Amino acid sequence: MDMDKLVSLCKRRGFLFQSSEIYGGFNGFWDYGPLGVELKRNVKEAWWHDMVSGHDELSQLPGAPSTFDMAGLDCTIIMHPQVWKCSGHYDLFHDFMVDCKESKKRYRFDQLYVVRLEVTPKFSTNPEISKRAEFGEYWTTLAATPDEQKADVYKRAGGKLSIRSKNVDEAFKISDVKKLPDLLKQGVTLADVIGPDVNGAGSLTEPREFNLMFKTIVGALGGDDDAAFLRPETAQGIFVNFKNVIDSSRVKVPVGIAQIGKSFRNEITPRNFTFRSREFEQMEIEFFCKPESSQAWYTYWRNRRYQWYLDLGLPRERLQLREHHAEELSHYSTGTADIEYAFPFLPAGEFGELEGVAHRGDFDLRSHMEGKLNPETRPLQVELGPDGKPKHRGSGKDLSYYDDQAKERFIPHVIEPSAGADRATLAFLCEAYHEDTAPDENGKPQERVVLKLHPRLAPIKAAVLPLVKKDGMPEAAQKIYRALKKQFNAFYDDGGAVGRRYRRQDEIGTPYCITVDGQTLTDGTVTVRDRDSLKQWRIKADDCPAEITKLVKGE
RNA sequence: GCGGGUGUAGCUCAAUGGUAGAGCGGCUGCCUUCCAAGCAGCAUGCGAGGGUUCGAUUCCCUUCACCCGCUCCA
């Protein structure tokens, strides 16, 4: 599928616009037009219904370890700054980056690795180096990636120090691989470090801070002390409200708390249409359960969330459930899976994340109780500052849960299915886009653009069309239109040839067209046309609202 | 953030140092009894700012946005 054609259709038909377009646009921000907002609302409403409002807590759902409760939440975008300190975002989102003045590349400070090389200079063909033979040794530092093999490091270093490859084993002694920040703590300065892609030392800049969270000011006279942040995820609002929800709503663990809302991340490189945006919407569940059953719940949510996308029309071939490898996992997580879709803008064989389902253990609740935990520790311990006190103080509130039946108290473990509403919407759009052929009035096949959206997601469920604009057909059609509008979003169109109107509806994904013709006026029936098959059949005009509702719901 | 490319109507594109045109789409009317192209008419644009010039959509600079590659992606 040609992405440009979809982007063009989205613009042309009012699904998506660039933000602030009349001012030239704004990188990483997108607006939903009249049809786009309907589509995205339908995605969110399908999610909310299927996960929250339509949840049956009385039955044990297929694959679920037990019955469970679900509750909703809608919390603020701006929260107490301490939330982000304890969640770990404050530390993580203030990434330090190092630029290389020579190669013009940028590296994450904490992801640059170095090895210290001990060199016997006489093997160098570079006189500058080899003349140091009297010193016996030449020390240098070389930036390297962690997975780089010793032989590769030797090869690169050999090239930089003019040492013949056959001599490298003799010429070098290599020290352990270290992270650059650790090395600098030992007193080595950046001036002695050779960048990964250049020959001379000293091309790396001092580490500079990048703010990946959007900062704002609370209070009209706000200074530095009044800094707050736009949330980079909705999840933390759920954690900090966990006790409120439990205490106020009679739900019991196992329970999922769900939230849909905007989040903000200062992405370094927004790209690929709405796929990576700086302002985006999440659909998140934090599912709280007993530690013993958490693994079973993790499996349950992973499978259920995958199935949800399948049910709404993403095909198995283009949707994968990818379990993270051990080294990708956070230290405290015992499992994370991404639900990924083969977006057409990605290279063949590559998938982009729609949703992450993560086993987060008790990291979040405990961090908000005790203070930010150090994710590197096991068992998890509070991260301490230089003064030996917690680096970021927690709330001090008890967020544990008392199980009345089992008479036991525990800190729930959390399974987090975190979905991107914009990414899901984009995936559904990409999947829906089809070009096929449909016969014209002479029976000749003509090209047709059709969005084969799932009827639940389609912005408009049905269009009502008088076959011609006379003989009372518009009046009959308008009556049906008004009846449909009470049930769902319908569209009335009496302009031009009916074939043209059908095609217009095809292009915006309307699954059904109802056409009023001469027969309607005599026997009260209309035709229903199916978007994908082009098949038509007659039903009674009065039955339209019920019939179309049935079709849309797939009953 | 770096390198390369692009920016003209709603969309796809054309032309030009002398104030822009087509196709499709849109709107109005006519025609039309089931799958976009019949007739008539109408509307809409040089991404933004600055410079050179008598005059800039065209040349130069800056900026913004988009695309490709690199980098990044908790």
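What you are looking at is a predicted structure, and each value in this text was computed from that prediction instead of being measured. Lettering follows sequence order; numbering is per chain, from 1.
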Check: Given the P atoms of B/A56 and B/G18, what is the spacing between them in whole Å?
Finding: 11 Å
Checklist line | Rounded distance in Å - CD (A/Glu21) to C1' (B/U44) | finding: 14 Å
Check: Nearest of B/C2, B/C35, B/U32 to any side-chain atom of A/Val468?
Finding: B/U32
Notebook entry, point to check: What nucleotide, of B/A65, B/U12, B/C34, holds the atom closest to the side chain of A/Ser8?
Noted result: B/U12
Next item on the list: Fit a plane to each ring of A/Phe343 and A/Tyr341, take the angle between them on a 0 to 90° scale, and name the class: parallel (under 30°), tilted (30 to 60°) or perpendicular (over 60°).
Entry: perpendicular
Notebook entry, point to check: Below 4.0 angstrom from OP1 or OP2 of B/G10, is there any side-chain N or O of A/Lys11?
Noted result: no
Note to self: So A/Asp506, base contact, sugar-phosphate only, or nothing? Heavy-atom distance under 4.0 Å.
What the structure shows: nothing
Next item on the list: Using a heavy-atom cut-off of under 4.0 Å over every strand shown, decide if A/Phe29 touches base, sugar-phosphate, or nothing.
Entry: nothing
Notebook entry, point to check: Does B/G7 pair with anything, Watson-Crick or G-U wobble, both distances under 3.5 Å, and if so, with which nucleotide?
Noted result: B/C64
Check: Sub-3.5 Å donor-acceptor pair from the side chain of A/Glu284 to the main-chain atoms of A/Thr234, do we have one?
Finding: yes
Margin query: Ring of A/Tyr512, cation from A/Arg531 - is the NZ or CZ under 6.0 Å from the centre and inside 45° of the axis?
Written below: no
Check: So which nucleotide from B/C11, B/G1, B/C34 ends up closest to the side chain of A/Arg271?
Finding: B/G1
Next item on the list: Mind calculating the distance between CZ (A/Phe275) and C1' (B/C66) to the nearest angstrom?
Entry: 18 Å
Note to self: What contact category does A/Leu534 fall into here, base, sugar-phosphate, or nothing, at under 4.0 angstrom with non-hydrogen atoms?
What the structure shows: base
Checklist line | Atom-to-atom span, CZ of A/Arg501 to C1' of B/C31 - whole angstrom | finding: 13 Å
Next item on the list: Name the residue closer to the 5' end of RNA chain B, choosing between A/Phe345 and A/Gly25 according to the nucleotide with the nearest heavy atom.
Entry: A/Gly25
Notebook entry, point to check: Mind checking the P distance from B/C35 to B/A48? Whole angstroms is fine.
Noted result: 45 Å
Next item on the list: Give a yes or no on whether A/Lys479 atom NZ has more than 12 heavy-atom contacts from other residues, nucleotides or ligands under 6.0 Å away.
Entry: no
Check: For the base of B/C34, is there a side-chain donor-acceptor partner from A/Thr527 under 3.5 Å away?
Finding: yes
Next item on the list: Determine, step by step, whether A/Phe242 and A/Phe288 satisfy the ring pair (Phe, Tyr, Trp, His ring centres under 6.0 Å) criterion, reporting the C-alpha distance in whole Å, the side-chain angles of both residues, the deciding distance to 0.1 Å, and the verdict.
Entry: CA-CA 9 Å; A/Phe242 171 69; A/Phe288 301 90; 4.3 Å; yes
Checklist line | Short side-chain N/O contact from A/Asn27 to OP1 or OP2 of B/C66, under 4.0 Å | finding: yes
Check: Across all strands, who's sitting opposite B/A40 as a Watson-Crick or G-U wobble pair, both distances under 3.5 Å?
Finding: B/U28
Margin query: If I pick the P atom on B/U12 and the same atom on B/C67, what distance separates them, to the nearest angstrom?
Written below: 13 Å
Notebook entry, point to check: Looking at side-chain heavy atoms only, is the closest gap between A/Leu534 and A/Tyr502 below 4.5 Å?
Noted result: no
Next item on the list: Check the surroundings of atom CZ in A/Phe26: do more than 12 heavy atoms from other residues, nucleotides or ligands lie under 6.0 Å from it?
Entry: no
Checklist line | Separation of atom NZ in A/Lys470 from atom P in B/C34, rounded to whole Å | finding: 12 Å
Notebook entry, point to check: More 5' along RNA chain B: A/Asp471 or A/Arg423, using each one's nearest nucleotide?
Noted result: A/Asp471
Notebook entry, point to check: Is a donor-acceptor pair below 3.5 Å formed from side chain A/Arg504 to base B/G25, judging by atom type as modelled?
Noted result: no
Check: Does B/A36 have OP1 or OP2 sitting under 4.0 Å from an N or O in the side chain of A/Arg503?
Finding: yes
Checklist line | Presence of A/Lys469 side-chain N/O under 4.0 Å of B/U32 phosphate oxygens OP1/OP2 | finding: no
Notebook entry, point to check: Given the P atoms of B/G17 and B/G49, what is the spacing between them in whole Å?
Noted result: 23 Å
Check: Does any nucleotide pair with B/U33 by Watson-Crick or G-U wobble geometry, both distances under 3.5 Å, and what is it?
Finding: none
Margin query: Let's see if you can work this out: which of B/C34, B/G69, B/A36 has an atom nearest to the side-chain heavy atoms of A/Thr515?
Written below: B/C34
Checklist line | Pairwise C1' distance, B/C59 and B/C72 [rounded to whole Å] | finding: 37 Å
Notebook entry, point to check: Of the nucleotides B/U33, B/C70, B/C11, which has the atom closest to the A/Leu467 side chain?
Noted result: B/U33
Item checked: Check: A/Phe273 ring centre within less than 6.0 Å of A/Trp30 ring centre -> yes
Next item on the list: Rounded to the nearest angstrom, tell me the gap between atom CZ in A/Arg13 and atom P in B/U12.
Entry: 14 Å
Margin query: Strictly by Watson-Crick or wobble contacts shorter than 3.5 Å, is anything paired with B/C46, and which nucleotide is it?
Written below: none
Item checked: B/U53 - base-pair partner by Watson-Crick or wobble geometry, distances under 3.5 Å -> none
Item checked: Gap in Å between the two P atoms, one belonging to B/G47 and one to B/U53, rounded -> 23 Å
Item checked: Whole-Å gap separating C1' (B/A36) and CD (A/Glu447) -> 12 Å
Item checked: Interatomic distance where CG belongs to A/Leu465 and P belongs to B/C35 [whole Å] -> 13 Å
Next item on the list: Sticking with atom P, work out how far B/C2 lies from B/U52, rounded to a whole angstrom.
Entry: 28 Å
Margin query: Rounding to an integer number of angstrom, what distance separates B/G38 and B/G69 when you compare their C1' atoms?
Written below: 50 Å
Item checked: Complement of B/G69, any strand, by Watson-Crick or G-U distances under 3.5 angstrom -> B/C2
Check: Just checking, A/Lys85 and A/Tyr90: is the charged tip under 6.0 Å from the six-membered ring centre and within 45° of the axis?
Finding: yes
Item checked: Polar side-chain contact A/Tyr502-B/C34 base: donor and acceptor under 3.5 Å -> yes
Checklist line | Contact under 4.0 Å: A/Arg500 side-chain N or O vs B/G26 OP1/OP2 | finding: yes
Item checked: Length of the line joining A/Gln18:CD and B/G10:P, which is rounded to integer Å -> 15 Å
Note to self: My understanding is that a pair needs two contacts under 3.5 Å, Watson-Crick or G-U wobble. By that rule, which nucleotide pairs with B/C13?
What the structure shows: B/G21
